[in-house]
Amino acid sequence: TLISTDTKAPVITIASPVAAASIVKDAVVPADFSCDDGTGVGVATCTGTVADGAPINTATLGSKTFTVTSTDLEGKQSSQSVSYTVVAPG
């Protein structure tokens, strides 16, 4: 068996939604995120509240949280969340 020196979980970058953003109700805002294990063993999963490129939830007013979770090929897991607020138009 291989013995890895990889001690770090994948690094998650969330480009959209932007943390603390105010987004108008029913706006179409695509999720934009990525996961990178650098020089580690590689990313096994990279999963967001919605798929990368799919629209985030803007259907109802109020505070929302968007979360991405990633696991590398050795099972090390990381998670990152951003909060945004859906506001009424105008």
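Each residue takes its place number in the sequence, starting with 1.
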>> Minimum heavy-atom separation for Val43 and Ser70, please, with both atom names.
In response: CG1-OG, 3.7 Å
> If you round to the nearest 0.5 Å, how far is CD1 of Ile23 from CG of Asn57?
Replying inline: 10.0 Å
> Counting distance only, does the side-chain N/O of Lys25 pair as donor-acceptor with the main-chain N or O of Ala59 below 3.5 Å?
Replying inline: yes
> Roughly how far, to the nearest 0.5 Å, is OG1 of Thr13 from CD of Gln80?
Replying inline: 7.0 Å
> Do you know which two heavy atoms are closest between Thr58 and Ala27, and how far apart they sit?
Replying inline: OG1-O, 2.7 Å
> Does the Thr69 side chain pair with the main chain of Thr47, one donor and one acceptor, at a distance under 3.5 Å?
Replying inline: no
>> Test your reading of the model: is there a side-chain donor-acceptor pair from Thr85 to the backbone of Ser22, 3.5 Å cut-off?
In response: no
>> How close do Ala9 and Gln77 get, counting heavy atoms only, and between which atoms?
In response: CB-O, 3.6 Å
> Looking only at atom types and distance, does a side-chain atom of Asp52 sit under 3.5 Å from a main-chain N or O of Phe33, one as donor and one as acceptor?
Replying inline: yes
> Checking Thr45 side chain against Thr71 main chain: does a donor-acceptor pair fall under 3.5 Å?
Replying inline: yes
> When rounded to the nearest 0.5 angstrom, what distance separates OG1 in Thr60 from CG in Asp26?
Replying inline: 9.5 Å
> Between Leu61 and Val82, is there a shared hydrophobic cluster once you connect ILVMFWY residues whose side-chain heavy atoms come closer than 4.5 Å?
Replying inline: yes
>> What's the separation between atom OG in Ser81 and atom CD1 in Ile14, rounded to the nearest 0.5 Å?
In response: 6.5 Å
> Short question: side chain of Asp6, backbone of Lys8 - any donor-acceptor pair under 3.5 Å?
Replying inline: yes
